[in-house]
Participant: 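Mind having a look at this structure? Questions to follow.
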2 protein chains.
Amino acid sequence: MSSNTSRRRDITVADVAREAQVSKAQAARALGNYGAVSQDVRERVLAAAEELDYRPNELARSMNTGKSHTIGVVVGDIENPHFGLATRGITDIAKKSGFHVILINTDEETAAEVEAVRVLLDKRVDGLIVAPASSVETQHLQQVRESGRPLVLLDRKAGGLDVETVAVDMADISYDSTRYLLESGHRRIAFVSTLKTEEPYVAGMELDSSQISERLDGITRAFEAQGLPHPADLVRLNSGDAESIRKITVELLQGPDAATAIIASDGLVALSVVEAIQELGLSIPDDVSFLMYDDFAWTRLTTPPLTVISQPVYEMGMAAATALIRQIEGRKAPATAEPLNARLVLRGSVSAPRAVEIYN
Amino acid sequence: MSSNTSRRRDITVADVAREAQVSKAQAARALGNYGAVSQDVRERVLAAAEELDYRPNELARSMNTGKSHTIGVVVGDIENPHFGLATRGITDIAKKSGFHVILINTDEETAAEVEAVRVLLDKRVDGLIVAPASSVETQHLQQVRESGRPLVLLDRKAGGLDVETVAVDMADISYDSTRYLLESGHRRIAFVSTLKTEEPYVAGMELDSSQISERLDGITRAFEAQGLPHPADLVRLNSGDAESIRKITVELLQGPDAATAIIASDGLVALSVVEAIQELGLSIPDDVSFLMYDDFAWTRLTTPPLTVISQPVYEMGMAAATALIRQIEGRKAPATAEPLNARLVLRGSVSAPRAVEIYN
DNA sequence: TTGAAAGCGCTAACAT
DNA sequence: ATGTTAGCGCTTTCAA
């Protein structure tokens, strides 16, 4: 239809300027809405642009202005609904503010994260949101700071870094929910997480993940508050893939000292743990109580529906993007930082253990 | 630690060249690994770059080369695990080939899609992968073609567009699975989808989504093959949000002409349908049989586990990225296009309807 | 308000 | 192998 079906070279401001019979500078001003342009010139330029089907080259634009209107997002696993939802929160806010998102997946590998951050910086993103794979190895994040570009941490804190962080506080909710299990009569409470560690877990060891640290601390404190020792043998980190998690679940549930309750660290872990419990022919909560982090829709469909720790994940994503964009635009942090709180949603997967022994 | 803690201006090739005492061109060649550079110069340049902590400006690089090593991905809803998984397939392949991904969400709005495509083109991405919100409104996709940049369609076909498309064929699996329901004795088979349409569904109407068209066609053909008319009153499009889907489910299951089997068009729909069935106090499959598209882990955890149509979604994402990158690199399509096939996974959610009336 | 000209940081063409 | 000089397409001085 269109008179012009050429495809090779893109139309540039120079082309538009020629067509509109004005200087390149005036054409650029009209097209970019800056500087002073007379009504007459503006109209001619816009008409010419329309006619020629002009499209600005955002790369060239970014080169001059130094702004790319793009933010980089680095997460461990976009396939995990936890991050999927958070990412959605980020992109929704970004779009609303005229920013775009470059997404990079790290598979929770710090090496990949270092590379991702480097690439994004090279691409001159205006800012970065990172869910750090490690709360300890953070030199590359420190470099972001030094590059002068805004950085916001998502979901996890990073030690010793002076960086704005948007994460749900896990300490209190972990304490509270462990109390709940203890008060239901449980003493053998297991915790399963895929967090990778060099060494096997021992009480009080330093962990790579602030999230898991806070949860474990909460659990320990809850036991201590009852004057009980926390059974560290039931903490299973490095739980690995689905198959491996199922195996671990089976182990936890066997022997005289079996766990009577299991806490799954995230939705992916939960899926495998519940599957293993069902395969064992055990019943929730009669044979084993179950509690998990994150409230996904499917947790209401099992029999019984699962008791969960619900986190405002979408809101966390929104908050991170809002904070980053505020930094990019050079505005100061508002005094009112509304906290992101998790809460315990009681459904049917926790009850008293089979053989109740109350010590209080 | 580092001697240099300045942050303002970025280090450029010129700086490195000065430090290494060579021309800008030689420095650039050494840093970019192109042209001819002596061993001596290369070493001095690299050392200087290291010393100054030089980082290339990819924007500037892209301006000259015309390649951004970035592909744009446009999907309707990243939060939907279907697209989450496909996106993972895309990013995995992209990373392996040295490409990065800019992701844009459209909420299945064509207007947002048009905008997204425009923006990505302006950003000079090397190519685009789009899951078109509409198989009919495709002028903007046509424009991508005219811009000369590679385009691959994901998950859905677009009418009349000569574009490489990577999608699972739904016609056969829909036919087969409907046959399965029919042979189990069902006649009142409902189909629930969130697809938005202007008008209510009537048999044979043109739909915006090739996916849904193919499924509906398959269902209709299966009925016809049995010499039965397909009950179009049980096709519920525009099912909307979770609340609305629950309402629709209740309607479908009431009255003398109630559905005896329900097919959910995707995982999100399925969640709400199953929830509604449970809220009604009905049992699957005794009171109503259930079949859904996509095989997610949670479908194995319900009681009974759900019979699903499994699609190679991750592989589809990989195939789309592979095809796009092939196009970008100017290689021709291989003769061997292995097909992406869905398959019916029989679990426990389909049985004979309560009041069986066999007509064969 | 306008235009000429100088960049942004890099690659590419052309000499040498 | 090296350096010089143009660009890429845009924004930004700086004069006029």
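Here is how names work: the chains are called A, B, and so on, in the same order as the sequence lines, proteins then strands, and each is numbered from 1. In this text, all values refer to a predicted model and were calculated from it rather than measured experimentally.
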Participant: So does B:Glu137 have more than 12 non-hydrogen atoms from other groups sitting under 6.0 Å from CD?
Facilitator: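 Result for CD/B:Glu137: open.
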Participant: Taking N and O atoms by type only, does the side chain of B:Asp10 place a donor or acceptor under 3.5 Å from a partner on the base of C:dG9?
Facilitator: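 Side chain to base: no pair present.
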Participant: Less than 4.0 Å between a side-chain N and a carboxylate O, is that true for A:Glu164 and A:Arg145?
Facilitator: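 So A:Arg145 does not pair with A:Glu164 through a salt bridge.
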Participant: Which residues within residues 36-49 of chain B lie with some heavy atom under 4.0 Å of an atom in DNA chain D?
Facilitator: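 Residues of residues 36-49 of chain B under 4.0 Å from DNA chain D: B:Ala36, B:Val37, B:Ser38, B:Val41.
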Participant: Considering only NZ, NE, NH1 and NH2 on the basic side and carboxylate oxygens on the acidic side, decide whether A:Asp10 and B:Arg124 come within less than 4.0 Å.
Facilitator: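 Salt bridge flag = yes for B:Arg124 with A:Asp10.
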Participant: Flag yes if more than 12 heavy atoms outside B:Lys67 fall under 6.0 Å of its NZ atom; otherwise flag no.
Facilitator: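 Atom NZ in B:Lys67 is packed in, count exceeds 12.
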Participant: Please name the pair of heavy atoms, one in A:Ser135 and one in A:Ser210, separated by the smallest distance, quoted to 0.1 Å.
Facilitator: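 Minimum heavy-atom separation between A:Ser135 and A:Ser210: OG-N, 3.1 Å.
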Participant: Tell me whether the side-chain N/O atoms of B:Arg61 come closer than 4.0 Å to OP1 or OP2 in C:dC10.
Facilitator: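 No, because none of the side-chain N or O atoms of B:Arg61 sits under 4.0 Å from OP1 or OP2 of C:dC10.
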Participant: Do any of residues 19-35 of chain A sit with a heavy atom less than 4.0 Å from DNA chain D, and if so which?
Facilitator: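 Correct list: A:Lys24, A:Ala25, A:Ala28, A:Arg29, A:Tyr34.
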Participant: Do the side chains of B:Glu79 and A:Arg88 get close enough for a salt bridge, i.e. N-O under 4.0 angstrom?
Facilitator: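 Yes, charged N to carboxylate O under 4.0 Å.
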Participant: Do we see a donor-acceptor contact under 3.5 Å between the side chains of A:Tyr314 and A:Asp92?
Facilitator: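 Yes, a side-chain donor-acceptor pair sits under 3.5 Å.
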Participant: Taking only Lys NZ, Arg NE, NH1 and NH2, and the carboxylate oxygens of Asp or Glu, determine whether B:Glu146 and A:Arg55 approach each other closer than 4.0 Å.
Facilitator: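 Salt bridge between B:Glu146 and A:Arg55, a charged N being under 4.0 Å from a carboxylate O: no.
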